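Fair warning: this is a prediction, and the values are worked out from it, not measured in the lab. As the structure lists them, so they are numbered: ligands from 1, and atoms in each ligand from 1.
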Amino acid sequence: MTHHITHHLPEPMLADYAAGRLGHAFSVAVAAHVSLCDECRARLAAHEAAGGAVLETLPPEPVSDDLMARVMARLDDPAAAPPEPPAPSGIFPGPVMAALKGRPPRWRSLGMGIRQSLLHAGKDGSLRLLYIPPGRAVPDHGHEGRELTLVLQGAFHDETGHFGVGDIEVADASLEHTPVADEGTPCICLAATDAPLRFRALVPRLLQPIFRI
Ligand SMILES: [Zn+2]
């Protein structure tokens, strides 16, 4: 897993995670990215070291040199354990394996060779694994609310950029994107939304006659 991660978590989401304000689906996606990403692990450690509650009451501002120095020192300290250690072996990071409860994914076909395995569906959002064959596009899936997509295997690209293993895409409801898996290896992603599933069916059905004339 030598891909250099270039797509990271936004600061407010790390703060929300540190303060325990994220729902289950987002929490698993954030934890899985952090387990793969030294940079976000250091930024999360800064939130936790500062006590979360203090940071969240302050307006966003750059991390001080002193705090960053301490964070980097901690990164270099082999005794400082990361909050979510990378999975020692296997396909998926520890937080994903935990969400699978030790069972293999139960893939269901979405058509065109694309498969999904639903890991969680609740009022706080949904969590799923997506399997996309090489070169295949994911049809518009009309997510409501925000959506996090973390690459676990292979890579995909869309209108906003290229995403390899460990990269995480943060999309809000306004983003119209068509992810396409790279050629070669099937792409497996962890996708989390913070909107209940019922909206995913109801809202597009109501809006379709208005916006698709
Ligand atoms: Zn990161």
Enquirer: Just to verify, which of Arg146, Lys123, Arg21 counts as forming a salt bridge (charged side-chain N to carboxylate O under 4.0 Å, His left out) with Asp194?
Expert: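 Per the salt bridge (charged side-chain N to carboxylate O under 4.0 Å, His left out) rule, the option paired with Asp194 is Arg146, out of Arg146, Lys123, Arg21.
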Enquirer: Compute whether any side-chain donor of one residue and acceptor of the other, for Asp167 and His162, lie under 3.5 angstrom apart.
Expert: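 No, because no side-chain N or O of Asp167 sits under 3.5 Å from a partner of the opposite role on His162.
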Enquirer: With respect to the Zn ion (ligand 1), what is the nearest N, O or S atom of His33?
Expert: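 Looking at His33, the N, O or S atom with the least distance to the Zn ion (ligand 1) is NE2.
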Enquirer: Check for a donor-acceptor pair, side chain of Arg136 on one end and backbone N or O of Ile114 on the other, with a separation under 3.5 Å.
Expert: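 Absent.
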Enquirer: Roughly how far, to the nearest 0.5 Å, is NE2 of His24 from CG of Asp124?
Expert: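 Atom-to-atom, Asp124:CG and His24:NE2 are 7.5 Å apart.
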Enquirer: Looking at His8, pick out the N, O or S atom nearest to the Zn ion (ligand 1) and give its name.
Expert: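 Going by distance to the Zn ion (ligand 1), the closest N, O or S atom in His8 is ND1.
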Enquirer: Distance check below 2.8 Å: does His7 bring an N, O or S atom to the Zn ion (ligand 1)?
Expert: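 So His7 does not count as coordinating the Zn ion (ligand 1).
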